[in-house]
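Report on the structure given below.
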Number of protein chains: 2
Amino acid sequence: MVTRSSDHGLDASPEMPAEISGLRMTRQRWEVYRLLMDQRDHPTANDVFMRIKDRLPNISLATVYNCLEALVQHGVIRQVNFDRESSRFCPNLAEHGHFHDKLSGAIHDVVFKPGVNLADILDLPPGTLITDIEITLRGELPVS
Amino acid sequence: MVTRSSDHGLDASPEMPAEISGLRMTRQRWEVYRLLMDQRDHPTANDVFMRIKDRLPNISLATVYNCLEALVQHGVIRQVNFDRESSRFCPNLAEHGHFHDKLSGAIHDVVFKPGVNLADILDLPPGTLITDIEITLRGELPVS
DNA sequence: ATAGAAATTAGAATTATTCTTGCTAGATCG
DNA sequence: CGATCTAGCAAGAATAATTCTAATTTCTAT
C-alpha cells in the first residue's frame, strides 16, 4: 500500500508539520509557505494567489492575505515593500536587503560583506534600540 | 511705499523664485515647499493639505499630491515610505536614512558615521550601478 | 490683448488591502 | 464515538491612499 500525504488526493510531497514557529499549519498556510520556499522571486499576494491555484483551486485571495500575514507575524517569512507597490514576500530570514534591478525588474537579496554590522556605522544616539532594519536599493546589475 | 511679495494680500516672506531646480514655481508649489522646509517632521500628503489651509484655503488635495510629485520628480524633496503607510515627505536631500521611534511615533533622519560608504560594505556583483538607496530603521530611542 | 500651454480643482475611479459574515473542518471533551 | 467549540476559510463589501478625468483658471509668449 502506498502512503499518501493527505486525503485530498493531491500529493504534498514533504509532509505538512503540525506547526511552524508556533503557528498551527493548515493546508492553505502550508501551500503558501511551500510556494514561497520554492519560488524565491519575491511574489506579491496576488502572484501567490494565481500560482497556488494549481494546488488549491478554491483558495480565496483573502485567505492568501491571511496566510501571509500569519506567516509574517510568526516570523516565518518576511514582508518586503518597494515604495508604495504591492507588498512582496520572502522566505529568507537572514539579515539582508533588496536590490531592485531596473533592467530585468527582478529583485535580488543583498547581504553585507562579512563582519559588517549596520548599527555600528550609523550615527545614532547611544542606547538606541534597533528592532528592525530595511535596506532597499535600486539600480542596474551588470549586463554580463 | 512698502514692498509686497505678491498681489494676493498674503505676505509670503521669502520671495518666491521663478523656479527651483528647473521646476517652475507656482503659488501652490511654493507654499508646499516652504511648509516642508519649515516643518521637517515628515508629514504625509494629507498632513500637508491640512496644514497649508491657513495660507491657501482653496487648495485641493489633488493639487497637494501634484505639487509633491513635481517637487519629488525635480529632486527638490524626497518621498519616504514606511511599510505600506502613507508616503511622507522630506526636504533633506543629503544621503540619509530614517528611524521610526516606536515610543513617540516620530521619524528622525539618520546619517552614516563619517567616511562610511554603503556601497562599499554591501556584497554586490562588481559593476552594479546603484541609483538609489533607502534605509529604514524601527526601534526605540533612549528615553531621555 | 490673445492664443496656447500648463496648473489647479472637484470629484470620480482605481487598487491593494482589510473587514464582515456565514460556513467548514479540525480539535476537545464527555 | 458523537456533540460542541473554536479557528480558519470563502466571498464579497468596505476602506484608504492615490491617481485620473474633465472643466476651469492662470501663466507665458506672441
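These figures come from a predicted structure and were not determined experimentally. So you know, we letter chains A, B, ... as the sequences are listed, proteins then strands, and number each from 1.
Within the structure, every side-chain polar atom (N or O) of B:Ser60 is placed at least 4.0 Å from both OP1 and OP2 of C:dG11. Between B:Arg84 and C:dT17, a side-chain N or O to OP1/OP2 separation shorter than 4.0 Å is present. OP1 and OP2 of D:dT19 both lie 4.0 Å or more from every side-chain N or O belonging to B:Tyr65. Under 4.0 angstrom from either OP1 or OP2 of D:dT26 there lies no side-chain N or O belonging to B:Thr26.
Proximity note for A:Ser86 (side chain, C-beta onward) versus D:dC9, C:dA10, C:dA16: the nearest is C:dA16. Candidate nucleotides C:dT8, D:dC9, D:dG8 were compared by shortest atom distance to the side chain of A:Thr63, and D:dC9 ranks first. The A:Ala62 side chain lies nearest to C:dC19 when the options are D:dA17, C:dC19, C:dA7. Ranking D:dA10, C:dT17, C:dT9 by closeness to the B:Gln28 side chain, first place goes to C:dT9. For A:Ile59, the side-chain atoms get nearest to D:dA10 when compared with the rest of D:dA10, D:dT18, D:dC9.
Nucleic acid contact class of A:Asn66 (heavy atoms, under 4.0 Å, all strands): none. Within the nucleic acid shown, B:Thr44 has no heavy atom closer than 4.0 Å to any nucleic acid atom. Heavy atoms of B:Asn46 sit nowhere under 4.0 angstrom from any nucleic acid atom.
The structure places NE2 of A:His74 at 4.5 Å from CG of A:Leu23, a figure rounded to the nearest 0.5 Å. Interatomic distance, CG of A:Asn92 versus CG of A:Asp109, reported as 4.5 Å (0.5 Å rounding). Atom CG of B:Leu103 sits about 4.0 Å away from atom CD of B:Glu140, to the nearest 0.5 Å.
Taking the six-membered ring for Trp and the full ring otherwise, the centers of B:His42 and B:His98 sit less than 6.0 Å from each other.
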